[in-house]
There are 2 protein chains.
Amino acid sequence: MKPKGVIMVEQAVFRAIADPTRREIMGLLSTRDMNLNEIANNFDMTRPAVAKHLRVLRDGRLISVRQHGRERIHSLTPETLKTVADWLSYYDQFWDDKLSNLKRAVEADND
Amino acid sequence: MKPKGVIMVEQAVFRAIADPTRREIMGLLSTRDMNLNEIANNFDMTRPAVAKHLRVLRDGRLISVRQHGRERIHSLTPETLKTVADWLSYYDQFWDDKLSNLKRAVEADND
DNA sequence: TTGACATGAAACCTCTAGGTTTCGTATAAA
DNA sequence: TTTATACGAAACCTAGAGGTTTCATGTCAA
(Lines give C-alpha, C1' and ligand atoms only; values in the text may rest on other atoms or scores of the structure.)
Protein backbone atom coordinates (compact mmCIF):
# COMPACT_ATOMS: atom_id res chain seq x y z
CA MET A 1 0.00 0.00 0.00
CA LYS A 2 1.93 3.00 -1.24
CA PRO A 3 0.87 6.16 0.65
CA LYS A 4 -0.30 9.00 -1.53
CA GLY A 5 2.66 11.24 -0.75
CA VAL A 6 5.05 8.71 -2.18
CA ILE A 7 3.07 8.47 -5.37
CA MET A 8 3.00 12.21 -5.84
CA VAL A 9 6.67 12.62 -5.13
CA GLU A 10 7.41 9.83 -7.59
CA GLN A 11 5.33 11.56 -10.23
CA ALA A 12 7.10 14.85 -9.56
CA VAL A 13 10.43 13.16 -10.21
CA PHE A 14 9.31 11.58 -13.46
CA ARG A 15 7.88 14.87 -14.55
CA ALA A 16 11.08 16.71 -13.68
CA ILE A 17 13.35 14.45 -15.70
CA ALA A 18 11.00 14.40 -18.69
CA ASP A 19 12.23 17.72 -20.05
CA PRO A 20 15.58 17.84 -21.89
CA THR A 21 16.41 21.30 -20.56
CA ARG A 22 15.96 20.08 -17.02
CA ARG A 23 18.13 17.04 -17.61
CA GLU A 24 20.77 19.38 -19.00
CA ILE A 25 20.52 21.55 -15.89
CA MET A 26 21.08 18.45 -13.81
CA GLY A 27 24.18 17.75 -15.85
CA LEU A 28 25.48 21.24 -15.17
CA LEU A 29 24.82 21.00 -11.46
CA SER A 30 26.56 17.65 -11.31
CA THR A 31 29.83 19.46 -11.95
CA ARG A 32 29.37 22.27 -9.44
CA ASP A 33 26.80 24.34 -7.58
CA MET A 34 25.53 27.36 -9.48
CA ASN A 35 23.30 30.36 -9.01
CA LEU A 36 20.44 31.16 -11.36
CA ASN A 37 22.39 33.44 -13.67
CA GLU A 38 25.19 30.95 -14.14
CA ILE A 39 22.70 28.26 -15.06
CA ALA A 40 20.72 30.52 -17.37
CA ASN A 41 23.88 31.54 -19.25
CA ASN A 42 24.05 28.02 -20.63
CA PHE A 43 20.70 28.25 -22.37
CA ASP A 44 19.11 30.12 -25.20
CA MET A 45 16.13 31.23 -23.16
CA THR A 46 15.30 33.92 -20.67
CA ARG A 47 16.21 33.75 -17.02
CA PRO A 48 12.61 33.47 -15.79
CA ALA A 49 12.14 30.45 -18.06
CA VAL A 50 15.14 28.74 -16.49
CA ALA A 51 13.86 29.71 -13.06
CA LYS A 52 10.64 27.86 -13.82
CA HIS A 53 12.57 24.74 -14.75
CA LEU A 54 14.44 25.00 -11.47
CA ARG A 55 11.10 25.21 -9.69
CA VAL A 56 10.04 21.91 -11.26
CA LEU A 57 13.34 20.30 -10.34
CA ARG A 58 12.86 21.48 -6.78
CA ASP A 59 9.33 20.07 -6.69
CA GLY A 60 10.84 16.77 -7.72
CA ARG A 61 13.45 17.08 -4.96
CA LEU A 62 16.20 16.77 -7.54
CA ILE A 63 17.89 20.01 -6.51
CA SER A 64 18.07 22.05 -3.35
CA VAL A 65 18.64 25.76 -2.92
CA ARG A 66 20.44 27.79 -0.31
CA GLN A 67 20.39 31.54 -0.01
CA HIS A 68 23.76 33.27 -0.10
CA GLY A 69 23.37 37.01 0.13
CA ARG A 70 21.41 38.05 -2.90
CA GLU A 71 22.23 34.84 -4.74
CA ARG A 72 20.49 31.50 -4.60
CA ILE A 73 22.87 28.62 -4.93
CA HIS A 74 21.44 25.50 -6.52
CA SER A 75 22.90 22.08 -5.90
CA LEU A 76 21.98 18.65 -7.15
CA THR A 77 20.39 16.13 -4.78
CA PRO A 78 20.81 13.05 -6.91
CA GLU A 79 19.74 10.57 -4.23
CA THR A 80 16.20 11.31 -5.34
CA LEU A 81 16.97 9.52 -8.58
CA LYS A 82 16.77 6.33 -6.58
CA THR A 83 13.03 6.62 -7.09
CA VAL A 84 13.58 6.17 -10.79
CA ALA A 85 16.18 3.49 -10.27
CA ASP A 86 13.76 1.55 -8.11
CA TRP A 87 11.08 1.75 -10.75
CA LEU A 88 13.56 0.69 -13.39
CA SER A 89 14.86 -2.21 -11.36
CA TYR A 90 11.54 -4.01 -11.76
CA TYR A 91 12.11 -4.13 -15.51
CA ASP A 92 15.73 -5.14 -15.21
CA GLN A 93 14.67 -8.78 -15.10
CA PHE A 94 13.40 -8.48 -18.65
CA TRP A 95 16.58 -7.27 -20.26
CA ASP A 96 19.49 -8.39 -18.14
CA ASP A 97 18.96 -11.12 -15.61
CA LYS A 98 22.58 -11.46 -14.76
CA LEU A 99 23.06 -7.81 -13.90
CA SER A 100 19.77 -7.38 -12.11
CA ASN A 101 20.28 -10.37 -9.89
CA LEU A 102 23.67 -9.12 -8.91
CA LYS A 103 22.30 -5.65 -8.35
CA ARG A 104 19.58 -6.94 -6.07
CA ALA A 105 22.12 -8.91 -4.12
CA VAL A 106 24.25 -5.85 -3.58
CA GLU A 107 21.28 -3.74 -2.59
CA ALA A 108 20.17 -6.32 -0.06
CA ASP A 109 23.69 -6.28 1.28
CA ASN A 110 23.55 -2.53 1.67
CA ASP A 111 20.44 -2.55 3.85
CA MET B 1 28.95 13.40 -30.75
CA LYS B 2 25.46 12.02 -30.28
CA PRO B 3 23.59 11.87 -33.60
CA LYS B 4 20.24 13.61 -33.63
CA GLY B 5 18.23 10.41 -33.94
CA VAL B 6 19.56 9.13 -30.66
CA ILE B 7 18.64 12.34 -28.91
CA MET B 8 15.10 12.26 -30.22
CA VAL B 9 14.59 8.61 -29.38
CA GLU B 10 15.93 9.30 -25.90
CA GLN B 11 13.51 12.16 -25.47
CA ALA B 12 10.64 9.99 -26.69
CA VAL B 13 11.45 7.45 -23.98
CA PHE B 14 11.59 10.04 -21.22
CA ARG B 15 8.36 11.52 -22.44
CA ALA B 16 6.69 8.12 -22.56
CA ILE B 17 7.52 7.19 -18.99
CA ALA B 18 6.59 10.61 -17.64
CA ASP B 19 2.87 9.84 -17.51
CA PRO B 20 1.53 7.66 -14.67
CA THR B 21 -1.09 6.03 -16.88
CA ARG B 22 1.59 4.96 -19.32
CA ARG B 23 3.77 3.55 -16.55
CA GLU B 24 0.75 1.61 -15.36
CA ILE B 25 0.21 0.28 -18.87
CA MET B 26 3.81 -0.89 -18.88
CA GLY B 27 3.15 -2.68 -15.62
CA LEU B 28 0.16 -4.44 -17.13
CA LEU B 29 2.07 -5.49 -20.22
CA SER B 30 4.90 -6.81 -18.11
CA THR B 31 2.59 -9.62 -16.98
CA ARG B 32 1.21 -10.56 -20.40
CA ASP B 33 0.50 -9.27 -23.89
CA MET B 34 -2.85 -7.56 -24.29
CA ASN B 35 -5.02 -6.04 -26.97
CA LEU B 36 -6.40 -2.52 -26.73
CA ASN B 37 -9.68 -3.46 -25.06
CA GLU B 38 -8.01 -5.52 -22.37
CA ILE B 39 -5.70 -2.65 -21.55
CA ALA B 40 -8.47 -0.05 -21.61
CA ASN B 41 -10.60 -2.12 -19.21
CA ASN B 42 -8.08 -1.35 -16.50
CA PHE B 43 -8.61 2.40 -16.69
CA ASP B 44 -11.30 4.90 -16.01
CA MET B 45 -11.03 6.56 -19.39
CA THR B 46 -12.24 5.94 -22.90
CA ARG B 47 -10.61 3.53 -25.30
CA PRO B 48 -9.36 6.24 -27.67
CA ALA B 49 -7.60 7.91 -24.79
CA VAL B 50 -5.78 4.70 -23.94
CA ALA B 51 -5.00 4.23 -27.63
CA LYS B 52 -3.26 7.59 -27.60
CA HIS B 53 -1.12 6.56 -24.65
CA LEU B 54 -0.18 3.41 -26.52
CA ARG B 55 0.85 5.56 -29.46
CA VAL B 56 3.24 7.51 -27.22
CA LEU B 57 4.64 4.30 -25.78
CA ARG B 58 5.20 3.03 -29.31
CA ASP B 59 6.95 6.26 -30.29
CA GLY B 60 9.25 5.67 -27.34
CA ARG B 61 9.83 2.08 -28.53
CA LEU B 62 8.64 0.81 -25.17
CA ILE B 63 5.98 -1.43 -26.67
CA SER B 64 5.52 -3.20 -29.98
CA VAL B 65 2.33 -4.21 -31.71
CA ARG B 66 1.44 -7.16 -33.88
CA GLN B 67 -1.78 -7.58 -35.78
CA HIS B 68 -3.76 -10.72 -35.04
CA GLY B 69 -6.94 -10.77 -37.07
CA ARG B 70 -8.96 -7.81 -35.98
CA GLU B 71 -7.01 -7.42 -32.76
CA ARG B 72 -3.75 -5.62 -32.15
CA ILE B 73 -1.63 -7.35 -29.58
CA HIS B 74 0.65 -5.06 -27.56
CA SER B 75 3.76 -6.34 -25.90
CA LEU B 76 6.40 -4.68 -23.80
CA THR B 77 9.87 -4.10 -25.23
CA PRO B 78 11.65 -3.25 -21.99
CA GLU B 79 15.16 -3.26 -23.47
CA THR B 80 14.45 0.32 -24.47
CA LEU B 81 14.57 1.24 -20.80
CA LYS B 82 18.30 0.79 -21.06
CA THR B 83 18.30 4.34 -22.41
CA VAL B 84 17.03 5.53 -19.05
CA ALA B 85 19.31 3.19 -17.15
CA ASP B 86 22.30 4.57 -19.04
CA TRP B 87 21.32 8.12 -18.21
CA LEU B 88 20.80 7.17 -14.59
CA SER B 89 24.09 5.35 -14.34
CA TYR B 90 25.95 8.64 -14.66
CA TYR B 91 24.36 9.82 -11.42
CA ASP B 92 24.93 6.54 -9.62
CA GLN B 93 28.34 7.76 -8.57
CA PHE B 94 26.70 10.45 -6.48
CA TRP B 95 24.52 8.20 -4.36
CA ASP B 96 26.04 4.76 -4.25
CA ASP B 97 29.64 4.34 -5.25
CA LYS B 98 29.85 0.75 -4.16
CA LEU B 99 26.91 -0.38 -6.22
CA SER B 100 27.68 1.72 -9.28
CA ASN B 101 31.27 0.55 -9.49
CA LEU B 102 30.14 -3.02 -9.32
CA LYS B 103 27.47 -2.35 -11.88
CA ARG B 104 29.94 -0.81 -14.29
CA ALA B 105 32.22 -3.79 -13.87
CA VAL B 106 29.42 -6.17 -14.73
CA GLU B 107 28.36 -4.13 -17.74
CA ALA B 108 31.88 -4.03 -19.07
CA ASP B 109 31.99 -7.77 -18.66
CA ASN B 110 28.81 -8.13 -20.69
CA ASP B 111 30.13 -6.29 -23.74
C1' DT C 1 -24.70 -12.31 -45.64
C1' DT C 2 -25.66 -10.01 -41.72
C1' DG C 3 -24.51 -8.37 -37.40
C1' DA C 4 -21.34 -7.84 -33.66
C1' DC C 5 -16.73 -6.71 -32.42
C1' DA C 6 -11.92 -4.41 -32.37
C1' DT C 7 -9.97 -0.74 -33.81
C1' DG C 8 -8.37 3.77 -36.39
C1' DA C 9 -9.20 8.43 -37.44
C1' DA C 10 -10.92 12.92 -37.08
C1' DA C 11 -12.88 16.89 -34.91
C1' DC C 12 -13.21 19.05 -30.94
C1' DC C 13 -12.45 20.81 -25.97
C1' DT C 14 -9.81 22.23 -21.85
C1' DC C 15 -5.91 22.75 -19.17
C1' DT C 16 -1.23 23.19 -18.51
C1' DA C 17 3.70 23.40 -19.87
C1' DG C 18 6.97 26.29 -21.44
C1' DG C 19 8.08 30.47 -22.94
C1' DT C 20 8.00 35.83 -22.92
C1' DT C 21 7.95 40.79 -21.00
C1' DT C 22 7.47 43.83 -17.26
C1' DC C 23 7.95 45.33 -12.72
C1' DG C 24 9.23 45.20 -7.76
C1' DT C 25 12.61 44.33 -4.06
C1' DA C 26 16.53 42.96 -1.37
C1' DT C 27 21.49 42.97 -1.33
C1' DA C 28 26.13 44.40 -2.72
C1' DA C 29 29.30 47.77 -4.37
C1' DA C 30 30.86 52.47 -5.60
C1' DT D 1 23.53 57.09 -0.53
C1' DT D 2 23.22 55.96 -5.06
C1' DT D 3 23.53 52.53 -8.44
C1' DA D 4 24.05 48.02 -10.23
C1' DT D 5 23.02 43.19 -9.49
C1' DA D 6 20.33 38.80 -8.55
C1' DC D 7 16.32 37.43 -8.17
C1' DG D 8 10.84 36.64 -7.45
C1' DA D 9 6.26 37.42 -9.04
C1' DA D 10 2.69 38.40 -12.05
C1' DA D 11 0.35 38.79 -16.41
C1' DC D 12 0.26 37.12 -20.65
C1' DC D 13 0.72 34.03 -25.02
C1' DT D 14 0.86 29.68 -27.70
C1' DA D 15 1.33 24.95 -28.63
C1' DG D 16 0.53 20.57 -27.29
C1' DA D 17 -1.06 16.93 -23.95
C1' DG D 18 -4.75 14.39 -22.55
C1' DG D 19 -9.27 13.69 -22.77
C1' DT D 20 -14.05 13.23 -25.23
C1' DT D 21 -17.63 11.97 -28.93
C1' DT D 22 -18.66 10.43 -33.40
C1' DC D 23 -18.04 7.86 -37.43
C1' DA D 24 -15.78 4.62 -40.76
C1' DT D 25 -13.69 0.10 -41.68
C1' DG D 26 -11.96 -4.53 -41.54
C1' DT D 27 -12.72 -9.03 -39.47
C1' DC D 28 -15.06 -12.70 -37.07
C1' DA D 29 -19.18 -15.45 -36.04
C1' DA D 30 -23.96 -16.96 -36.68
Side-chain angles (χ1 to χ4, degrees), chain A residues 7-29 32-76 80 84, chain B residues 7-29 32-77 84:
Chain A
I7 294 178
M8 285 172 9
V9 168
E10 172 170 298
Q11 177 51 25
V13 175
F14 277 101
R15 191 207 153 187
I17 66 172
D19 186 276
T21 300
R22 288 194 286 268
R23 290 197 302 279
E24 208 174 330
I25 292 176
M26 292 178 65
L28 289 173
L29 293 180
R32 60 183 181 85
D33 294 357
M34 298 172 83
N35 66 25
L36 173 55
N37 272 328
E38 291 176 305
I39 299 172
N41 282 340
N42 290 275
F43 296 95
D44 189 28
M45 68 179 76
T46 61
R47 196 169 26 88
V50 174
K52 284 191 186 179
H53 283 300
L54 292 173
R55 171 81 218 178
V56 176
L57 286 168
R58 257 196 303 145
D59 289 345
R61 313 278 193 276
L62 285 166
I63 63 173
S64 67
V65 186
R66 64 180 185 280
Q67 196 85 26
H68 184 69
R70 58 183 165 181
E71 301 176 49
R72 306 189 50 150
I73 314 292
H74 301 75
S75 42
L76 198 64
T80 311
V84 181
Chain B
I7 294 178
M8 286 173 8
V9 167
E10 172 169 300
Q11 177 51 26
V13 174
F14 277 100
R15 192 208 151 186
I17 66 172
D19 185 276
T21 300
R22 288 193 286 269
R23 290 198 302 279
E24 208 175 329
I25 291 175
M26 291 178 66
L28 289 173
L29 293 181
R32 61 182 181 85
D33 294 356
M34 297 172 84
N35 66 25
L36 172 55
N37 272 328
E38 290 177 305
I39 299 172
N41 283 340
N42 290 275
F43 296 95
D44 190 29
M45 67 180 77
T46 61
R47 205 189 44 244
V50 173
K52 283 192 186 180
H53 283 300
L54 292 173
R55 172 80 219 178
V56 176
L57 286 168
R58 256 194 305 145
D59 289 345
R61 312 281 193 274
L62 286 166
I63 62 173
S64 67
V65 186
R66 65 179 184 280
Q67 196 84 27
H68 183 69
R70 57 182 166 182
E71 301 175 49
R72 305 189 52 145
I73 313 293
H74 301 77
S75 44
L76 197 65
T77 55
V84 181

Q) Under the 3.5 Å rule, do the base of D/dC7 and the side chain of A/Arg70 count as making a donor-acceptor pair? A) no
Q) Rounded to the nearest Å, what distance is computed from the CD atom of residue A/Glu38 to the P atom of nucleotide D/dA6? A) 9 Å
(Q) Could you tell me how far apart B/Asn41 (CG) and C/dC5 (P) are, to the nearest whole angstrom? (A) 13 Å
Q | Short side-chain N/O contact from B/His53 to OP1 or OP2 of D/dG19, under 4.0 Å | A | yes
**Q.** Side chain A/Arg22, main chain A/Ile17, donor-acceptor under 3.5 Å
**A.** no
Q.
Any salt bridge linking B/Arg15 with B/Asp59? Criterion: basic side-chain nitrogen under 4.0 Å from a carboxylate oxygen.
A. no
Q) Between B/Gln11 (CD) and D/dG16 (P), how many Å, whole number? A) 14 Å
(Q) Quiz question: going by heavy-atom distance under 3.5 Å, is there a donor-acceptor pair between the base of C/dT7 and the side chain of B/Arg72? (A) no
Q.
Rounded at 0.5 Å granularity, tell me how far CG in B/Leu36 sits from CG in B/Asn41.
A. 9.0 Å
(Q) As a test of reading the structure: which of D/dG8, C/dA9, C/dG8 is closest to the side chain of B/Pro48, going by heavy atoms? (A) C/dA9
**Q.** Side-chain (B/Gln11) to main-chain (A/Ala18) donor-acceptor, under 3.5 angstrom
**A.** yes
Q. For the pair made of CG in A/Leu57 and P in C/dA17, what is the distance, rounded to whole Å?
A. 14 Å
Q: Could you tell me whether a side-chain N or O of A/His74 sits under 3.5 Å from a main-chain N or O of A/Val65, the two making a donor and an acceptor?
A: no
Q: Report which part of the nucleic acid B/Arg22 touches: base, sugar-phosphate, or nothing (heavy-atom distance under 4.0 Å, all strands).
A: sugar-phosphate
(Q) In this structure, how many angstroms lie between the C1' atom of D/dT20 and the CE atom of B/Met45, rounded? (A) 12 Å
Q. When you check the phosphate oxygens OP1 and OP2 of D/dC7, does a side-chain N or O of A/Arg47 lie under 4.0 Å from one of them?
A. no
Q: Figure out the CZ/P separation between A/Arg58 and D/dG8, and round it to whole Å.
A: 7 Å
**Q.** Distance in angstrom units between A/Glu71 CD and C/dA29 P, rounded
**A.** 9 Å
Q. So what does B/Arg15 touch, heavy atoms closer than 4.0 Å: a base, only the sugar-phosphate, or nothing?
A. sugar-phosphate
Q. Is A/Asn37 near enough to D/dA6 that one of its side-chain N or O atoms lies under 4.0 angstrom from OP1 or OP2?
A. yes
Q: Answer yes or no: does a side-chain N or O of A/Thr46 lie under 4.0 Å from OP1 or OP2 of C/dG19?
A: no
Q: In whole angstrom, give the distance that lies between atom CD1 of A/Ile73 and atom P of D/dA6.
A: 11 Å
